[in-house]
Every structure is written in structure tokens, then in C-alpha cells.
2 protein chains.
Amino acid sequence: MKALKISEAVVRRLPVYLQVLNDLRKRDVQTVSSQELGNKLDLNPAQIRKDLAYFGDFGRKGIGYDVSYLIEKIRQILKLDQPLFVALVGAGNLGRALSNYSTYLKDNMKITAIFDAHPSIVGTQINSLTVLPIEALKATVAELNIRVGIITVPAAEAQNVADRFVEAGIEGILNFAPTILRVPDEIRIHHADFTTELLSLAYYLDKEGDELNEPSMD
Amino acid sequence: MKALKISEAVVRRLPVYLQVLNDLRKRDVQTVSSQELGNKLDLNPAQIRKDLAYFGDFGRKGIGYDVSYLIEKIRQILKLDQPLFVALVGAGNLGRALSNYSTYLKDNMKITAIFDAHPSIVGTQINSLTVLPIEALKATVAELNIRVGIITVPAAEAQNVADRFVEAGIEGILNFAPTILRVPDEIRIHHADFTTELLSLAYYLDKEGDELNEPSMD
DNA sequence: TAGATTGTTAATCGATTAACAATC
DNA sequence: TAGATTGTTAATCGATTAACAATC
């Protein structure tokens, strides 16, 4: 078994597995089968086994997967077994909200710098971090060993921020602005654009074309 | 056009097309080809033509697509040609940030009610809306004709909020909490969980040192 | 017209699911 | 052991891409 190309779909499921596994561990569950995971996630058990098998033999035949061990392994695969420092640009409401989110702290991701272009915001405090001027981005990224950038500025400014991130040598960007960004191929971009989710949700409403009441006939 | 089953992948691309088209219109571009759209979005032009052809013949051979006409058509497909009222539960930082987002206002989606479970937050103002107690949810949803719910509460409270939304007769939910929700099949749930995006991003960093040590050689 | 570009069918590619020997 | 469940191969399903006649 050699370095096989892992599809994006597989990688995207790993954090979801991690989420459920963390939950199981919190409830002191020792072992879980692909069947049980599949039930919880509405996924085919074979798919879960296959996903995990790309990375190693983590389970035990007849038993299932040890929850803590699998958590450890998935964290290794996602390279979350070592600290990963993150910068955020755009200290508006959304930026502040993300800074407060502690969810990924336990996953070794840490926002260590926040930037904004507006003089009125620069210098304010967010969670013990002082908002820095955007001009300080490049130097700070190098100094603090920051590898990921989060963009929470308005769409019109997002490309400019992306350019600055690239110039600063960032390796990956999480973009919240509802716009497409142009970056070199070697930079990884993920979109966290909830407007897309919200608009596509609208498509699925009112399936049968009936009124506001749901059809309760079988 | 018969009621052909449209795949989720297709529906998810529609809002992205809309985004680019809106941008083109803002720049007074009249007409666009699938080739040009493909360049902008890093998508295969044939895919774009096929996606659109599921819903009708929107283009003109030899010419391309009329930008304004296509915008209108996609908005119709997504049912955004009529107002869609949205409720939000969880008036913390993230909830406030979303309330401020005006992006989807122009797409006829409007947050018309905000709820929170904490007495200290209930009664405060967000964008001319008064935060209501969670107990008022059901009555308000009915009264204001709200069809979509947004969840921006901590993971531990998310299922409870989802249950309340379902009981209130909501048709779709956009969930920001990093947890899996259980709802009846007829309720559509979309996830806007950026922690998933952020964790999977970590996988792709550090390309050059990419060769994971494969544990099992068998 | 001649060049451009759609809508659509056919070919390809990739991802999911089923099945089962291995084995805890 | 006997039942359970993995890891993996083969079968199926679905989505993307190529190709091209139709036609603006």
C-alpha cells in the first residue's frame, strides 16, 4: 500500500468522525463499530471503514475501533498533534465571533494574531489579543510562525487580504467572504461561505408546492 | 422539463454562479459564455452548461448567457424571487455577526426574529430587532411566516433548539453548531460548520513533507 | 456567411456500496 | 469456540468531461 491519492471527500469526513468520537469519549465509550458510527452520521459503514483504512489499520476485527486511539490517529492524520498558529484579518462581528470560538483550541489550532485595516479598531483588545494594523501582517506571520489565515473582511477587500497572506508566506486560507479568491496553486483555500449554504437551502423548501403546513398524509 | 432528480452538487453550485453573475452585472457585463464562467470558477464549461440545462434553455447558441436573465432564472430556481423569512436562535457573537450580514438581504432572505435563552440577552436590540425569549419561538414563527431557522448556539444546546424549530413547523435549518442534529427526514438541514473546514485545511498544509509514514505494509 | 457557443449524448472517471475472507 | 466486525476487492452507482450537431 503506497502513498495513494486521498480524495477530498475522504479528508472532509475526517473532522466529522473526530467530532463524533470526541463526543463518545466524553461519554466514556471505549469502543465503537463502523456500524454505530454510520448510524450516528448517516453514512454507510463500509465507507467509514474504507476511509479509515486509507491511513492505516486502526480497528480490530470482531471488536471495532478504540475511541481514544482513533481520535489520536485522526488527529495525527490532520496534523493536529502539533500546534498550528492562525491569523485572522477582519475584526468585525464575525471575526470577533470566531476568535471566541474555543472549539478548535483543543485541536491545537490557535488564533495568535488579529488584524484590521481600520484605525478605529486597531489597538482594541479581543481575548487578550491586541488588534494589529494590516501593515504588520507580513512581519507578524513570520515572527509567530503562522501558517493559516482566516479572512473575515467584506467581499470587496477579500482579494487584497488574500494577496497579503500569500506574500507573507501563508500555506492555507479559510475564506468567509462571499467571493472567489485568486491565489497560487500551492496555497490551499477553503470556503466557509454560509451564504452558499443558505441560498441552496432555499431550493429544498416547499417540496410539494403546498402551503405552509407540512404534508402529514402517508 | 420533467421533474428530473437534480443532484445536490448541482444545487450547491447555483449560488456560486449567482455570486459571479451578480459581480458581472455590477460591472455592466451583458453576456457571458460557459467558458468565461468556467475560467472564473475553475469549473469545466460543459459542467456549467449541463447544470443550467437541467432547469431550462437559458443560453443562446453562438452568443452565451445574458447575465441579467440568468440571474433572474437562477433566483427563480432557488425560490429567491419571493421573500423568505428566517429566524435565528443564539444572539451571541456569531448570531450578531450573521444578523448584520446584508449579503442575503438582496436575495430576498430576511432575518425577522432573533431568540435567545439567556434573560440577560433577551430584550436587547440587534439591528432594530428585539431579542425574544426562546419560549416565544413557536408563536413567532407562525405569526411571521418564518420557514427557515438558523442555529448559532453552543453545540450542547443545538439539538434542543432544533427540536423547537421542528415543533414550530420550520422547513429548513442552517446549523452553525459543530454537532450532528437529529430531525425528521422532511426537514432539510445544512451545515455551516467552519470547524470542519478549518480542520480539513490542516491536512493539506506542508505539501513538500507530504509523504506520511505509512504504518502498515502488510 | 463564418465563427462561436449552446444543449445534449456518449465516454470517462471517481466515489460509494456490497460482499466476504480473515480474524479478534 | 461462535459471533462480530474489520480491511479489501469487486460491483454499482453517479458525477464529470469530451465531443459535436444545431444554430445564433
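Order of the sequence lines fixes the chain letters, A, B, ..., with proteins taken first and strands second; residue numbering starts at 1 for each chain. A quick note: this is a predicted structure, and the numbers were derived from the prediction, not measured.
- Atom NZ of A:K50 and atom P of D:dT9 are 9 Å apart (whole Å).
- Whole-Å rounding puts the B:I63 CD1 to C:dT5 P distance at 8 Å.
- The pair A:E72-A:R25 fails the salt-bridge criterion, with no side-chain N (NZ, NE, NH1 or NH2) lying under 4.0 Å from an Asp/Glu carboxylate O.
- The separation between A:E8 atom CD and D:dA15 atom P is 17 Å, rounded to whole Å.
- Distances were taken from every side-chain heavy atom of B:S33 (C-beta onward) to each of D:dG7, C:dT6, C:dA15; the shortest belongs to C:dT6.
- Contact annotation: A:S34 reaches the phosphate of D:dT6 (side-chain N/O to OP1 or OP2, under 4.0 Å).
- When Watson-Crick and G-U wobble pairs are counted only if both distances are under 3.5 Å, C:dA15 pairs with D:dT12.
- Remark: P of C:dT5 and CG of B:N39 are 11 Å apart, rounded to the nearest angstrom.
- In this structure, B:N44 atom CG and C:dT12 atom P are separated by 15 Å, rounded to whole Å.
- Of the candidates D:dT8, C:dT8, D:dT6, D:dT6 carries the atom nearest the A:K61 side chain, counting heavy atoms from C-beta on.
- Taking atom CZ of A:R49 as the reference point, atom P of C:dA18 lies 11 Å away to the nearest angstrom.
- Judged by distance alone, the side chains of B:Q19 and B:D23 never bring a donor and an acceptor atom under 3.5 Å apart.
- Nucleotide D:dT17 holds its P atom 8 Å from the CG atom of B:L43, rounded to whole Å.
- Whole-Å rounding puts the A:I6 CD1 to C:dA15 C1' distance at 13 Å.
- Listed pair A:Y65 / D:dG7 meets the phosphate criterion, a side-chain N or O lying under 4.0 Å from OP1 or OP2.
- Of the two residues near DNA chain D, A:D51 and A:G62, the one whose nearest nucleotide lies more 5' is A:G62.
- Without hydrogens or angle criteria, B:K79 side chain to A:L205 main chain gives a donor-acceptor distance under 3.5 Å.
- Side-chain contact check for A:N100 and A:N127: at least one donor-acceptor pair (N or O, by modelled atom type) lies under 3.5 Å.
- Using N1 to N3 plus N6-O4 or O6-N4 for Watson-Crick, or N1-O2 and O6-N3 for G-U wobble, each under 3.5 Å, C:dT23 pairs with D:dA4.
- The side chain of B:R13 places an N or O atom within less than 4.0 Å of a non-bridging phosphate oxygen (OP1 or OP2) of D:dT16.
- Counting only N and O atoms by type, the side chains of A:D51 and A:Q47 include no donor and acceptor under 3.5 Å apart.
- Nearest to the side-chain atoms of B:R60 among the listed nucleotides D:dC24, C:dT8, D:dT17 stands D:dC24.
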